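A note on names: the letters A, B, ... follow the listed sequences, proteins ahead of strands, and every chain is numbered from 1. A quick note: this is a predicted structure, and the numbers were derived from the prediction, not measured.
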Protein chains: 2
Amino acid sequence: MQDVADQARTSKTTAHYVLTGQDQKLRIAEETRRRVLRAATELRYRPNLMAKGLRTQVTRSIAFISDTVATEAYAGNLVYGAIAAAAEHGYLLFVCETGGDPELEASLIGDLASRHVDAYVYASLFTREVQIPAELHFERTVLLNCLAADNSSPAVIPDERQAGRDAACALLDRGHRRAIWLVGEPGEQVLAGAQRTEGIRQALSDAGTELAGTVDCKWWPEPAYEQFGAFLDDGGDPSAVICLNDRVALGVYQALKARGRSIPTDVSVVSFDDSDLAAWLQPPLSSIALPHRQMAAEAIRLLMTDGALAEHPVHVAMPVRLRESIGPPRS
Amino acid sequence: MQDVADQARTSKTTAHYVLTGQDQKLRIAEETRRRVLRAATELRYRPNLMAKGLRTQVTRSIAFISDTVATEAYAGNLVYGAIAAAAEHGYLLFVCETGGDPELEASLIGDLASRHVDAYVYASLFTREVQIPAELHFERTVLLNCLAADNSSPAVIPDERQAGRDAACALLDRGHRRAIWLVGEPGEQVLAGAQRTEGIRQALSDAGTELAGTVDCKWWPEPAYEQFGAFLDDGGDPSAVICLNDRVALGVYQALKARGRSIPTDVSVVSFDDSDLAAWLQPPLSSIALPHRQMAAEAIRLLMTDGALAEHPVHVAMPVRLRESIGPPRS
DNA sequence: TTGAAAGCGGTACCAG
DNA sequence: CTGGTACCGCTTTCAA
């Protein structure tokens, strides 16, 4: 900046005012202003954000700390949503992964503190309750896809309970009332499993009916295929199936097809997550989507507007994606 | 640091040497050293990386610029691999997305330059040729999953040609020689399509045979299902099918199953990418994996060791994941 | 309307 | 072995 000032034959101060756009209120001579601007272009002046940050303690950078978003492909949108939302405010993200290792986490946070990031997004791949490191309590922090046990920090999570209701309603709306089965163990994921199930039960109950039963299995295609297949072979005859996620639905599809049962003619299927898979299956699978990008955007919004004011946790609606896997019940 | 020095009743300089671990060669009095260390702990001293960077021009941060990794779920490993590899060297990553917009890209690079990142990783979702912004020519840059037209910068790409050979060999090894069909349009992705196909043709040719033909279609389940289905209905009777990616393979699976043809008894299938999907299909799909994490690690390694020395582009081997989708040909 | 100068928190040179 | 000090590039107060 000194060199710009020199080239413009003025002082660093004046150049500073011009270059930071404070020239309006400070009534800098138009002539001077021009010289500064020209000098800046000629010298390809770039403000040094380190120097600026050193002085102002503002870095326009945010730390995005996640446990292991990597392993779950579709959760990448948590990161990209945050990056995009932050970029709109002129912020850049330091994206970090702790792999669930508390020591690594501590050292990362130390490093981030040394870099004076302005805020922290603490994200989890699975919606769950977390214990955030004590250091973060003193920093501007928002939890993404997770909740603090003490609800001490603003948090953004998907509205799983409503999603459960919506899944049930998708079936109810088409006339299903009986032989509605749930596939997947409700307890697997602290929040998603329990809340989805709760929502489903509520909606069915409101409609004067209830789940015919549950086929317990891990949330993966293989176990779903095995367990649900065994259920069918035992005489199970569902009219509709609610799968706790798309991977389970894949296993259910495979089990049904292997037995010559048609979707949705014989059995309707609805699921959760709306991963890529859902649209690729045949018939395309109806699924309640995880709104990762919106959640991330909301988290950034909370950071930008001092989320402390907001009611939290913030529940983000999960969009219903209706496709051909739901039909009327067999008459 | 001044306060640490004060509390330790010594000078900033001495404190600096102790705190930066230069105390060995400089023979600082053990007693003084202790006092400094204790003061640092008591005062919870944290070096300010902005101040340090301002002085040394080193920020221990790397920019990761990608076009739109977001849209393609499994490409997330390019980012996470880079984050993990960089973390091992004490570097943090600014992860950015341009969405393919040149203006946004330019403004991002400007911002990154203002922050004095030490190096740039310019990544592409699809393996392709790119035109990197001129500014990056003057910075330490490595291309990830893409190539500069003029091969001016170090680049890391998957070894698609060898992958093509490997896919063909997976079939040849089981005895397939005739009625081997390729599904997917070879030209879709500049490098992947052309090189995979080339490798396949080479391997088959080396074995004294050749492709029976190609079923042209976009690399998505739906078009693959349609085109390959039509091919079968027209009397197509493949012994083995090489799909240009897993999504195509999904469509092929669906088309085969709809017609009662069994995999691998009637038809063997091999594919590329090894996305999550591959392991979930029934039977599990043999696929040549995109080694995104290794590629990213290699890119970071090049940056750390001054990759200018390396032979480039660096080709990273694509691992063969053999699963049950390949069997011997019908006799 | 413009300029001088102190200071953010480190680094590194030089003197003692 | 230890201390003094200039300086990195920008912000901000105070004076002119």
With 3.5 Å as the limit, what N/O pairs link the protein to nucleotides 14-16 of chain D?
none

Distance-only side-chain donor-acceptor flag, A:Ser275 / A:Asp273, under 3.5 Å: no

Out of D:dG9, C:dG10, D:dT11, whichever nucleotide has its closest atom nearest the side chain of A:Leu54: D:dG9

Atom pair distance, as rounded to whole Å: NE2 in A:His16 and P in C:dA6: 18 Å

d(NZ, A:Lys52; P, D:dG9) in whole Å: 16 Å

Any A:Thr56 side-chain nitrogen or oxygen under 4.0 Å from OP1 or OP2 of D:dC10: no

Listed nucleotide nearest any side-chain atom of B:Thr32, set C:dC8, D:dT2, C:dT2: D:dT2

Within residues 111-120 of chain B, residues whose heavy atoms come under 4.0 Å of DNA chain D: none

Enclosure of A:Glu30 CD (heavy-atom neighbours >12, cutoff 6.0 Å): yes

Between C1' of D:dC7 and CE of A:Met1, the distance in whole Å: 17 Å

A:Thr98 versus A:Asp67, side-chain donor and acceptor atoms under 3.5 Å: no

A:Glu160 side chain near A:Leu290 side chain, heavy-atom distance below 4.5 Å: yes

Pair of N/O donor and acceptor under 3.5 Å linking C:dG9 base with B:Lys12 side chain: no

Within 6.0 Å of CD in A:Glu103, more than 12 heavy atoms from elsewhere: no

For atom CZ of A:Arg35 and atom P of C:dT2, their distance in whole Å: 8 Å

B:Thr14 side chain, from C-beta outward: closest of D:dG3, C:dT11, D:dC10: D:dG3

Distance-only polar pair, side chains of A:Asn145 and A:Ser124, donor-acceptor under 3.5 Å: no

Below 4.0 Å: OP1/OP2 of C:dG3 and any side-chain N or O of A:Ser11: yes

Modelled atom types, side-chain donor and acceptor of A:Glu105 and A:Tyr122, under 3.5 Å: yes

Donor-acceptor pair between A:Asp3 and A:Gln7 side chains, under 3.5 angstrom: no

Side-chain donor or acceptor of A:Asp118 paired with backbone N/O of A:Thr59 under 3.5 Å: yes

A:Met295 versus A:Val156, closest heavy-atom pair with distance: O-CG1, 3.6 Å

A:Ile83 versus B:Glu97, closest heavy-atom pair with distance: CG2-N, 4.2 Å

Distance, rounded to the nearest Å, where A:Arg60 contributes CZ and D:dC10 contributes P: 16 Å

Separation of D:dC7 P from A:Arg55 CZ (nearest whole Å): 18 Å

Nucleotide of D:dG9, D:dG3, C:dG10 approaching B:Gln57 most closely (side-chain heavy atoms): D:dG9

Nucleotide C:dT11, atom P - distance to CE of A:Met50 in whole Å: 13 Å

Protein-nucleotide distance (A:Leu19, atom CG; D:dC10, atom P), rounded to Å: 9 Å

Five-pair end axes of the helix from C:dT1-D:dA16 to C:dG16-D:dC1 and the angle they enclose, rounded to 10°: 50°

Distance-minimising heavy-atom pair for B:Ser61 and B:Phe94: OG-CE1, 4.3 Å

Nearest heavy atoms of B:Arg293 and B:Ala84, plus distance in Å: NH2-CB, 4.0 Å

Listed nucleotide nearest any side-chain atom of B:Tyr45, set C:dG10, C:dT11, C:dA6: C:dG10

Closest nucleotide among C:dG10, C:dT2, D:dT2 to the B:Asn48 side chain: C:dG10

Residue B:Ala51, side-chain heavy atoms: nucleotide from C:dG9, C:dA6, C:dA12 that is nearest: C:dG9

